[in-house]
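Remarks on the structure that follows.
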Amino acid sequence: MTVRVRFAPSPTGYLHIGGARTAMYNQLFAKAMGGKYILRIEDTDTERSERKFETAQIEDLKWLGITHDEGPDVGGEYGPYRQSERLHIYKAWSDKLIEKKHAYPCFCTEAELTAKKEHAEKNNLPPVYDGTCRHITRADSAARIAKGEEAVIRFHVQNKSYDFQDGVRGHVTFPEGMVGDFVIMRANGIPVYNFAVVVDDSSMKITHVIRAEEHLNNTLRQLMLYEAFGEKIPEFSHVSLLIGEDRQKLSKRHGATSVRLYQEMNYLPTALLNYLCLLGWSHPNELDVFDPQTLGTLFNLNRFTKSSAIYDVNKLNFINGQHVRALPIESILIEAEKTIPVNHPFHKMDEGWKLRTITVFKEKMNFFQDLLGLVEILFTTNVSEDAEYKEAIGWETTPKIREYLRGEIEIALVNKKKFVTVEDYNIWSEHVKGELKIKGKPLFMGMRAVLTHQAHGSDLKFIIPLTPLEVLATRIKL
RNA sequence: GCACCCAUCGUCUAGCCCGGCCUAGGACACUGCCUUUUCACGGCGGCGACUGGGGUUCGAAUCCCCAUGGGUGUACCA
């Protein structure tokens, strides 16, 4: 039996990071087991579902590198993969249930229902449907429907307890009497979530259901449905929830929760996935930085944590930096260059200079856009306000350094040089040390203050050869 | 309210199933030192946790019970 798993988002917004995480777990599991990973669109909420969000979510998934074997965009032998296109299937399965007396039409109005619920709450009874319409005869209900009366289809719940073996939680039991006869088909003929899921998972031959813990309670209704249909129950695994700092389920008010936002902030998809993967799952070798897509058979269901995880961008940023630095410098250049404004002098420099610049600065980059700020030191003629800088400028040795370097830079200028070399820089510092007798802090800080107008920064011998000579000249003439 | 799930450093977690190797390991964050000026990277340290109470046992983070806390669900949303 080949493993078949699915990710089933609702197209009511952009892809959520929690959704991305479950999608990844499903895909990783399919990969590890040599199975298939299916994308199904659950658009039965006609009020909120929009086709543009479906497209957007598929794009987001693609950006992350989570590719599916079957789905609305790529097809497959178990389609259609959009619930809105499977209405006839739900109707047929619902009829089957009515036929077997596992379901029945219900004519209760919303007002009646709320009254019953309030009454139940007042008397401390479970707020479940009382089964009023259960006893309407087939002939009667057929007649009422023929007259045009609206009816939903309700599932006839058996009075018994249910239990199942959860892949991450172990043995889970539900006592009897907790749910009343629940709706499986709305009056408008559209199925309700729990019903559609079971019909789809059954007919799409899904073998393992990996989803978030918020669905744990839904499993009870789904178990009832499987039993009524006599269909094989898949193996359920309820993965821990992602929560915010307030320990509530992660939602929009917690900040950036959509994958698209992370794409816009220039996060690396592998880094996002790496971080998400670690929220509730641990690497067998206790690795923190890795590409989930290379996990292979290392990925398994045994290493999930049961408790929910607080989403905190701190470690994400660290992991992103690790992934950025692991990239070849050519790739970093391509991505980082996109984040620099078009009229920036960076773009006028040649390829070799750019590559050397990336090599120098990449250790300080957690994000591609960090380059812009880093590269400022090579072009700016602004003067630091830093107290340490002012102190360095005030030393009696510093004017001597400036006077000497001004001469050297003027010579270079006369020789039509565009840059000085590392050798030039080394000669300078040797001269200051040997001839001017300045060493230690006054030497390095002094040279830095004079040449960069800053008190801190990257190693001068790397930075100075990358700084255009004319910039150096402007600075030194001050 | 009721049901279900969960409980190790501030955060993510290892260990728990198969009790002793745990004076509880790693990572982020914070922090000290080193890396022959600084910053970053890196290296070496520091800070920092088994929710509480009972039990079982020679021995419990690990097994059992209770309490407490937190979360999720309780829709013609998914």
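Throughout, a chain's letter reflects where its sequence line sits, starting with A, and its residues are numbered from 1. Keep in mind it's a predicted model, so treat the numbers as computed, not measured.
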Counting only Watson-Crick or G-U wobble pairs whose two distances fall under 3.5 Å, which nucleotide matches [N]?
| N | result |
| --- | --- |
| B:rU38 | none |
| B:rU57 | none |
| B:rC44 | B:rG32 |
| B:rU68 | B:rA7 |
| B:rA49 | none |
| B:rU62 | none |
| B:rG73 | B:rC2 |
| B:rC18 | none |

Rounded to whole Å, the CG-P distance (A:D181 to B:rC76) equals 12 Å
> With a centroid cutoff of 5.5 Å and a plane-angle limit of 30°, would you call A:F444 stacked on B:rU37?
Replying inline: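 Stack criterion met.
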message: Whether the side chain of A:Q57 engages the backbone of A:I41 through a donor-acceptor N/O pair (distance < 3.5 Å, no angle test) should be reported.
response: no
Write down the distance separating the P atoms in B:rU11 and B:rU74, rounded off to the nearest Å.
28 Å
>> Please determine whether any donor N or O and acceptor N or O are separated by less than 3.5 Å between the side chain of A:N217 and the base of B:rU74.
In response: no
Per atom distances to the A:Q248 side chain, the nearest of B:rA78, B:rG71, B:rU38 is B:rG71
**Prompt:** Between A:Y267 and A:H323, do the side chains contain an N or O donor and an N or O acceptor separated by less than 3.5 Å?
**Reply:**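 No, because no side-chain N or O of A:Y267 sits under 3.5 Å from a partner of the opposite role on A:H323.
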Protein-nucleotides 46-51 of chain B N/O pairs closer than 3.5 Å?
none

Worksheet item: Is the gap between the ring centers of A:F29 and A:F299 under 6.0 Å?
Response: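 Ring centroids of A:F29 and A:F299 are no less than 6.0 Å from each other.
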First locate atom CG of A:L405, then atom CG of A:L472, and finally report the distance between them rounded to the nearest 0.5 Å.
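These two atoms lie 8.5 Å from each other.
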